[in-house]
Amino acid sequence: QWAQRFGFVPTADPIVLQLYSETLQKFRLAAQGHGAQQPPAPAFQAGQQLGLGAQALGLLLTAGAMRWADVGIRDEARGRFGQAILIDVHSMPRAALSHLPGTPPELVLGAGALVLLLLGVFRGNDSVKGLSWGAVILFVLTALTIVDDSPVRELAWNDLYVADALSAFLKILLLVGAVASVLMAVPWLERTNVSRFEYPVLIVLSTLGMFVMVSANNLLALYVGLELMSLSAYVLASFHRDDQKSTEAGLKYFVLGALSSGLLLYGISLIYGFVGSTDFTQIASGLSAGGERNMGALFGLVFVLADALG
């Protein structure tokens, strides 16, 4: 019943379809007590319904495995809101690569963070100053990729990512702040004897999370960027492990961040439930669909704003 309600019915293989139909009919008759002298007990009926859901879920997982194993399958699954979602397993790598040119700043930061991390692992804490200057060079290269971008608004990753003039301006400001944070921290790290190579790497990763937030065109992309930034910030807040205030700050930040993340996710779930989408454009149109205010979506938006402003 759950599978039929949400439209997740495998339509690629006729054998899977026949198996699904026969099994569903069998469990439906069993759940209705067909052929029995008296209605089944409530516990037995609940067990049959659970069995029906488990069987349907197992069939769907089997069909999914068959899709990934079969090289020539292009299947269609109906989404909850009646939209057709086409999946071609062989076009997925090509589709992913086609989105990469639209995200050069994030690619440069992500690849650079991995390189800096590897250098720090092999060279140790003595490489903090060199890694810090390497992070500065990485930020400059990232700024060059942003300046070179077209000012035309572009969408990528199924409209999860947006690149326009406003996001480019904000990214430049973030890079300026990141460069200042790295350069100003080097003398302090040496003076307090906490010179560890993770610091510039964490600054790069935190900047990458802020980049994702700036270019987010969807609540889910916004959440991913927020968590990437926050996880790096938790470690940076408690970077001086021998200092009581530093460890206390890191612990408090982590607890408040976990609570804030829960509120944000709850607000996102409310918005998705009442609007049917996490895309910013569709949320804006769904808040006043039909000339009436969507109070449920507004209630979820309050949680999202409370997390953002808190």
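Given the structure is predicted, the values throughout are model-derived calculations rather than measurements.
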Review point. In this structure, which one of Val224, Leu226, Leu174, Leu208 forms a side-chain contact (heavy atoms from CB on, under 4.5 Å) with Met213?
Key: Leu226
Check your understanding: Are side-chain heavy atoms of Glu154 and Val162 found at a separation under 4.5 Å?
Key -> no
Review point. With Glu227, which residues qualify under salt bridge (Lys or Arg N to Asp or Glu O under 4.0 Å), at least two apart?
Key: none
Check your understanding: Applying side chain to side chain donor-acceptor pair (under 3.5 Å), which residue pairs with at least one partner in residues 171-188 are found, sequence neighbours left out?
Key -> Glu106-Lys171, Tyr161-Lys171, Lys171-Ser215
Review point. Checking Ser246 side chain against His240 main chain: does a donor-acceptor pair fall under 3.5 Å?
Key: yes
Check your understanding: Taking a hydrophobic cluster as the set of Ile, Leu, Val, Met, Phe, Trp and Tyr residues connected by side-chain heavy atoms closer than 4.5 Å, whether directly or through intermediates, do Met229 and Leu305 fall within one such cluster?
Key -> yes
Point to revise | Pairs satisfying ring-ring contact (aromatic ring centres under 6.0 Å, His included), at least one member in residues 190-216, at least two apart | key: Tyr199-Phe239
Check your understanding: What residues join Leu263 in its hydrophobic cluster, counting side-chain heavy atom gaps under 4.5 Å, either direct or through other members?
Key -> Tyr266, Leu270, Phe274, Phe299, Phe303
**Study point:** Set of residues satisfying side-chain contact (heavy atoms from CB on, under 4.5 Å) with respect to Val179, sequence neighbours excluded
**Key:** Val136, Phe139, Leu183
Point to revise | From CG (Leu202) to OG (Ser232), nearest 0.5 Å | key: 5.5 Å
Give every donor-acceptor pair under 3.5 Å between a side-chain atom in residues 109-120 and any protein atom, sequence neighbours left out.
none

Point to revise | Contacts of Thr278 that satisfy side-chain hydrogen bond (donor to acceptor under 3.5 Å, both in side chains) - sequence neighbours left out | key: Asn218
**Study point:** Hydrophobic cluster membership, Leu251 vs Leu256, 4.5 Å side-chain cutoff
**Key:** no
Review point. How would you list all residue pairs meeting salt bridge (charged side-chain N to carboxylate O under 4.0 Å, His left out) that involve residues 173-194, not counting sequence neighbours?
Key: Lys129-Glu190
Revision key, fill the gap. Rounded to the nearest 0.5 angstrom, the CG-CD1 distance for Leu298 and Ile271 is 9.0 Å
Exercise for review: Check whether any side-chain heavy atom of Ser132 sits under 4.5 Å from a side-chain heavy atom of Val182, and report yes or no.
Suggested key: yes
Review point. Do Val235 and Val128 share a hydrophobic cluster, counting only Ile, Leu, Val, Met, Phe, Trp and Tyr and linking them when any side-chain heavy atoms are less than 4.5 Å apart?
Key: yes
Exercise for review: For side chain to side chain contact (heavy atoms under 4.5 Å, CB included), just list the numbers for Asn217 and Leu160, CA-CA rounded to whole Å, side-chain angles, deciding distance to a tenth of an Å, and then say yes or no.
Suggested key: CA-CA 5 Å; Asn217 194 42; Leu160 294 174; 6.0 Å; no
Check your understanding: Which atom names give the shortest non-hydrogen contact between Ala221 and Val212, and what distance separates them?
Key -> O-CG1, 3.6 Å
**Study point:** Heavy-atom check, side chain of Ile203 versus side chain of Leu236, under 4.5 Å
**Key:** yes
Review point. Does the pair Val140 and Leu175 meet the rule for a side chain to side chain contact (heavy atoms under 4.5 Å, CB included), with working shown?
Key: CA-CA 8 Å; Val140 173; Leu175 289 175; over 6 Å; no
**Study point:** Nearest atoms (heavy-atom pairs only) where Arg153 meets Leu155
**Key:** NH1-CD2, 4.0 Å
Check your understanding: Who passes ring-ring contact (aromatic ring centres under 6.0 Å, His included) against Tyr223, sequence neighbours left out?
Key -> none
Revision key, fill the gap. Correct closest heavy-atom pair for Gln282 and Val275 would be O-CG1, 3.7 Å
Exercise for review: Output all residues satisfying side-chain contact (heavy atoms from CB on, under 4.5 Å) with Lys252, sequence neighbours left out; order by chain, then residue number.
Suggested key: Glu248
Point to revise | Closest approach of Ile172 to Ala143 (non-hydrogen atoms, all atoms of both residues) | key: CD1-CB, 4.0 Å
Check your understanding: With Leu166, which residues qualify under side-chain contact (heavy atoms from CB on, under 4.5 Å), at least two apart?
Key -> Asp164, Leu170
Point to revise | Closest heavy-atom pair and its distance - Val304, Leu264 | key: CG1-CD1, 3.8 Å
Review point. Is there a path from Val201 to Phe122 through hydrophobic residues (I, L, V, M, F, W, Y) whose side chains come within less than 4.5 Å of each other?
Key: no
Check your understanding: Looking at CG of Leu141 and CD1 of Ile146, how far apart are the two atoms once the value is rounded to the nearest 0.5 Å?
Key -> 11.5 Å
Check your understanding: Do Leu219 and Phe280 come within less than 4.5 Å of each other through their side chains, counting heavy atoms only?
Key -> yes
Point to revise | Side chain to side chain, Asp242 and Val194, heavy atoms closer than 4.5 Å | key: no
Point to revise | Qualifying residues under side-chain contact (heavy atoms from CB on, under 4.5 Å), relative to Tyr253, sequence neighbours excluded | key: Ala233, Tyr234, Ala237
Point to revise | Other residues, nucleotides, ligands: >12 heavy atoms within 6.0 Å of Phe254 CZ | key: no
Revision key, fill the gap. When rounded to the nearest 0.5 Å, the distance separating CG of Leu228 from OG of Ser206 is 7.5 Å
Check your understanding: Would Leu265 end up clustered with Val302 when hydrophobic side chains under 4.5 Å apart are linked, directly or stepwise?
Key -> no
